[in-house]
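Before any comments, here is the structure.
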Amino acid sequence: MTIDDIGARAASAPVADRRRRSPWTFRVCVAILGVAVAAAVFAPLVAPYAPDATDFSAIWAPPGPAHWLGTDQLGRDILSRAIHGARPSLLGAIALLAFATVLGVLIGVVAAWRRGWVDTVLARITDVMFAFPGLLFVVLIIAVFDRGPATAVIGMGLAFAPLIAKFTRAIALEELARPYVDAYRLQGVGGVQLIGRYLLPNLMPTLVGYLVVLFGEGLMSLASLNFLGFGAQPPSSEWGLMVQEGRAGVIQGVLGPALIPGLTIAVVVVATNVVGVRLSDKLAVRT
């Protein structure tokens, strides 16, 4: 081993150590998401009150021993509602991404596999979907199915599907250019089998990283729709709806009912973005 080799290894060692160590921000964000998931799973066990328990003698009560974060316009405990609200908020975002992923991956993989006029037609369809804001999809679905959580999920899922479709098509084209695809084709492996057994599993690491990044945006989008009254309806404790219901308190100088769920949404979205970018960088490493 030469002196240059020893120097190169010594210089690369600190870089490798830094890469192995997770920054404190990443660990904090993972902890925040862990708390949010735990709240969604164990809400009935950890929340001090039921989310719909009213106390008309404690309307707009400030934080205190009985209600750590105060109460809202019906005397409901804000902390309990925020804890219980984790479940519909997180599950809504997961359902949104699941629906958008199935549709987007299907479009993206078919476009990359078939190429030619099929790719062109599907590209035009996704371009048309891009031209419509997610809110318009929700309004169109409300006209048919009425408002509700499912309406918001389907509407925003249609808005997110083109994003996933374009991303899937890009990474699928890259994967289809690899030698193993031609090798399997020469062995007589059919298209459906090749896609299902080999192509999609190889796309999943990169795709999962991208979806984690989109999760925060999906959570924010659903919260916005619930705030506007298109999604969850009272007495749900979904975070976006809590912000909408807490607006009356802002006029009276009581900020907690609107501020606390709003900050909860912001913190979870930021934590999701930090974790998503980190995972995307790790999972996108292709060999």
Side-chain angles (χ1 to χ4, degrees), residues 24-96 147-149 152-153 215-276:
W24 67 269
T25 53
F26 175 75
R27 295 195 293 268
V28 169
C29 290
V30 170
I32 290 173
L33 294 182
V35 171
V37 172
V41 175
F42 302 109
L45 301 177
V46 300
Y49 300 94
D52 55 352
T54 59
D55 183 1
F56 294 110
S57 65
I59 293 176
W60 302 127
H67 303 283
W68 289 1
L69 297 180
T71 62
D72 62 7
Q73 74 280 3
L74 295 178
R76 297 174 298 189
D77 185 69
I78 296 175
L79 175 60
S80 299
R81 287 181 60 77
I83 293 174
H84 281 274
R87 184 175 298 179
S89 300
L90 297 182
L91 287 180
I94 292 173
L96 183 160
R147 65 186 64 196
V153 167
F215 180 84
E217 186 175 348
L219 178 62
M220 181 67 76
S221 299
L222 278 183
S224 300
L225 291 178
N226 293 325
F227 175 83
L228 295 174
F230 292 126
Q233 302 297 312
S236 173
S237 57
E238 196 278 335
W239 292 333
L241 182 60
M242 286 183 64
V243 175
Q244 194 273 338
E245 292 180 335
R247 290 188 304 163
V250 175
I251 300 175
Q252 302 181 36
V254 183
L255 302 180
L259 183 62
I260 291 170
L263 286 177
T264 303
I265 295 171
V267 169
V268 173
V269 169
V270 170
T272 302
N273 289 340
V274 172
V275 173

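Hydrogens, waters and symmetry mates play no part in the numbers below; they use all other heavy atoms, side chains included. Being a predicted model, the structure only gives us computed values, none of them experimental.
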[atom1] of [X] to [atom2] of [Y]: how many Å apart, nearest 0.5 Å?
X    : Y    : atom1 : atom2 : answer
L222 : L91  : CG    : CG    : 11.0 Å
L96  : E217 : CG    : CD    : 9.5 Å
D52  : R81  : CG    : CZ    : 8.0 Å
M220 : T272 : CE    : OG1   : 10.0 Å
L259 : T264 : CG    : OG1   : 9.0 Å
I78  : L69  : CD1   : CG    : 6.5 Å

Main chain of [Y], side chain of [X]: is a donor-acceptor contact present, judged purely on distance under 3.5 Å?
X    : Y    : answer
D72  : P257 : no
T71  : A61  : yes
E245 : V243 : no
E238 : G240 : yes
R76  : D55  : no

What is the minimum heavy-atom distance between [X] and [Y], and which atoms define it?
X    : Y    : result
C29  : V275 : CB-CG2, 3.7 Å
R247 : A258 : N-CB, 4.3 Å
S89  : L219 : O-CD1, 3.4 Å
G231 : N226 : CA-OD1, 3.0 Å
A93  : G218 : CB-C, 4.3 Å
A232 : S236 : CB-OG, 3.8 Å

Selection residues 27-49 - residue pairs positive for ring-ring contact (aromatic ring centres under 6.0 Å, His included), sequence neighbours left out: Y49-H67

Pairs involving residues 218-260, ordered by first then second residue, that meet ring-ring contact (aromatic ring centres under 6.0 Å, His included) (sequence neighbours left out): none

Side-chain heavy atoms of [X] within contact of [Y], under 4.5 Å:
X    : Y    : answer
P51  : M242 : no
I59  : L74  : no
F215 : I94  : yes

